[in-house]
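Here the structure is laid out as structure tokens; the discussion comes afterwards.
Starting from 1, each residue takes its place in the sequence as its number. All of these numbers come straight from a predicted model, not from anything done at the bench.
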Amino acid sequence: MKRLGTILVMMVLWSQACLAQYDKDVFSFRGRNALADGRYAQAIEQFNILARLDTTDYWTYFYRGIAKYNLGDIRGAQQDFDTSVRLDPVFTNGYHYRAITYSRFGRYDEALADFKKAIDLRPGFIGLYFSRGVTYFLAQRFEDAVSDFDRYIRKEPKDPSAYLNRGASYLFLGDTTKAINDYNKAIKLDRFEPEGYIRRGRLYAERKEYDKAIGDMDKAISLDSTNTFAYFNRAIMYYDQMDYNRAMSDLNHVLKEEPGNALTLYNRSLIYAQVGDYESALADMDRVININPGNVLAFYNRASYFAQMGRWKDAVEDYDKAIELYPDFAKAYMNRSYVKNMMGDMKSSKADYQTAQKKVAEYRAKTADSEGSFADTTKKYSSLLSLDADFAKKDFDNELLQHRDIDIRLKPLYKFRLAAARDNQMYALKNRYENPLMDRFINDSHVPVIITNLDSIPGVRVVGSFENAVMGDSNLGAGRMTLPASELNFIKGLYELQNKQFTSALNYFDRAVESAEDDQTKAKYAEFYRAFYMMNRGVLRAEMIDFIASIQNNVQTLTMDDQGAIRARVSDQSSYTYDYSEAIEDMRQASALVPDFPYFYFNLGNLYCLSSQLVSSIESYDKAISLYPYMGDAYFNRGLVLIYLKDKEKGCIDLSRAGELGVADAYSVISKYCEDERH
């Protein structure tokens with residue numbers, strides 16, 4: 001009997017081992033199939049199960065990293081590639097693909113170190129030189145990029161992507177002859193790929209050879225009539241030749257395909273204005289501002305339309321808004337001075353003129369143009385823009401779901417702001433979020449504050465100054481009192497933020513965070529209030545990045561597969577990478593201090609989304625909702641991310657819940673993305 005029991009136990013263990021092996025094979029097969037089909041979210045689900053079944057299989061982490069990368073979760077991909085090379089230190093593919101993630105973050109030295117390891121392990125793997133060439137290009141080491149593409153082309157002379165990339169490298173080296181030769185070669189190798197014609201056409205346009213340039217765009221369009229980027233570029237070429245009718249026709253075609261393409265609306269508006277059709281110009285610029293209310297150039301140009309129409313008051317309001325968005329915009333002061341002069345307001349006109357002259361002098365004293373380009377009075381801000389941003393990822397209908405007629409951007413970050421008066425919390429408000437620490441922080445504050453994600457609070461106007469509120473008398477503050485240094489600096493930061501003095505506000509928030517540790521002995525809750533200071537600092541850091549991004553609106557995209565070389569095409573225009581890591585770290589530290597505060601996790605969800613860490617983004621929204629189940633904005637944002645991940649069913653459920661909780665925008669998004677097609 002004892003022997004039979006032993007045999008039964010062994011049989012059970014053997015069958016479990018076989019089942020586990022069978023399960024692993026099934027999950028691996030499903031994951032790799034989903035990866036090959038582009039169903040990246042489903043692939044991650046399968047590889048997650050595999051990672052739990054076997055923590056030592058480096059291929060599991062490698063494949064999951066590829067799936068995360070293609071969903072835009074670059075940091076998550078990097079972590080998986082880290083694990084793959086930790087498990088197998090001679091895993092060439094792990095170093096290869098980790099190098100690519102490093103290059104996406106601008107960490108080029110680390111990327112090149114990984115490429116060196118990979119090449120040392122497999123010097124004959126030619127795809128490594130292609131990928132390293134892309135990294136050299138992004139690092140602006142164009143001669144090294146050319147060298148690597150040369151080496152790749154010697155082994156793979158029939159790959160058109162390599163010639164397109166080497167051509168772009170030559171272009172940045174100033175050798176337009178070699179660049180155009182490479183574009184010619186790419187076209188010869190693949191005459192049915194529009195990209196080569198578009199690249200060559202843009203180069204012809206730079207050389208003022210417009211007949212050839214337009215001919216190439218015609219060819220690209222004949223090959224792909226849905227290529228809005230080709231129409232857009234051809235419109236710019238027609239415009240440069242002062243053929244406004246054809247330029248307008250091409251822009252109209254783009255807008256027919258993409259009705260909310262903000263960049264195209266902006267350019268069409270400028271053409272309307274140039275031909276004197278100010279009503280149409282205003283209509284287009286109004287739509288641009290509705291889509292992107294932080295676009296300083298849109299307000300600036302709309303103001304000029306109003307001035308041309310003699311609508312002086314409207315012009316002043318738009319110049320006011322442009323200056324509010326960018327206080328160093330010297331040319332806006334200059335133009336506002338002229339408009340005020342026309343209105344007879346000589347005193348204010350003179351003050352604006354003097355401010356403009358002062359800012360111009362400051363600009364000229366700076367060595368780096370980028371520090372104050374909006375103070376440059378020699379630059380025209382009414383010329384057409386030819387950025388790639390709205391066209392870079394045409395397969396994704398709405399990157400972060402913006403730039404469309406329906407306002408479906410993420411609901412913004414939460415932060416503390418000044419309020420006009422203290423909130424009376426004696427009333428019962430259904431589903432109001434209650435947190436004893438937050439309520440104590442608001443009640444203890446010596447000026448009225450509110451936590452909100454609205455940029456402007458309806459009916460609220462902060463009056464008085466910091467000095468009156470804290471040092472003086474007033475209904476706003478508590479009079480002459482000695483405040484802890486941390487709170488004093490935080491309040492100063494809130495006032496600077498209210499006045500759009502972002503750099504100064506950030507400095508005060510820095511001091512508030514630093515001094516909170518010293519104030520722990522004086523103020524009972526200083527350690528926990530420090531979390532709120534970090535939240536505001538993190539939000540401000542992110543908002544300052546977003547403002548820069550709204551001006552420098554280029555993107556760079558690389559696609560990844562599991563076949564060796566990355567078939568990436570480098571852009572022949574400059575691009576920018578925005579790093580939200582400091583803001584994320586602030587929010588993570590804040591949540592470590594006060595782990596039950598949902599707004600920290602909501603903000604993390606947004607910041608992870610902006611950083612293309614979409615899996616982490618959803619996890620953060622999950623946490624926010626678990627802490628505050630009535631947080632409609634969290635359901636709304638999570639729904640948008642889920643729709644982006646092609647999980648429409650769950651995304652639409654979240655949007656429906658957001659609508660139930662009072663997020664009015666949810667229903668317009670539901671009507672666009674969630675209504676079943678009926679035939």
With sequence neighbours excluded, residues passing ring pair (Phe, Tyr, Trp, His ring centres under 6.0 Å) with Y508: none
Backbone N or O of S616 within a donor-acceptor pair of the S620 side chain at under 3.5 Å? yes
Parallel under 30°, tilted from 30 to 60°, perpendicular over 60°: which one fits the rings of Y433 and Y628? tilted
Close side-chain approach of L437 and F597, heavy atoms under 4.5 Å: no
Can you tell me if E487 uses its side chain to pair, donor with acceptor, with the backbone of H446 under 3.5 Å? yes
Sorted by chain and number, sequence neighbours left out, salt bridge (charged side-chain N to carboxylate O under 4.0 Å, His left out) with D54 holds for K24
Main chain of Y608, side chain of S611: is a donor-acceptor contact present, judged purely on distance under 3.5 Å? no
Got a sec, which residues hit side chain to side chain donor-acceptor pair (under 3.5 Å) with R588, two or more places apart in sequence or on another chain? none
Salt-bridge test for R302 and D286: reply yes if a basic N is under 4.0 Å from a carboxylate O, no otherwise. yes
Do the ring centers of Y300 and F329 come within less than 6.0 Å of each other? yes
Can you find a heavy atom in the side chain of S504 that is under 4.5 Å from one in the side chain of F509? no
Compare every heavy atom of S515 with every heavy atom of N489, then report the nearest pair and how far apart it is. ND2-OG, 4.0 Å
S486 side-chain N/O to A512 backbone N/O, donor-acceptor pair under 3.5 Å: no
Within the side chain of T101, is there an N or O that forms a donor-acceptor pair under 3.5 Å with the backbone of R98? yes
Validation row: L593, R530 side chains within 4.5 angstrom (heavy atoms): yes
About how many Å separate CG of L50 and OG of S28, when rounded to the nearest 0.5 Å? 5.5 Å
So, are E543 and K415 salt-bridged, with charged N and O less than 4.0 Å apart? yes
Ring-plane angle category for F532 and F416, please: parallel below 30°, perpendicular beyond 60°, tilted otherwise. perpendicular
N453 side chain to P412 backbone, donor-acceptor under 3.5 Å: yes
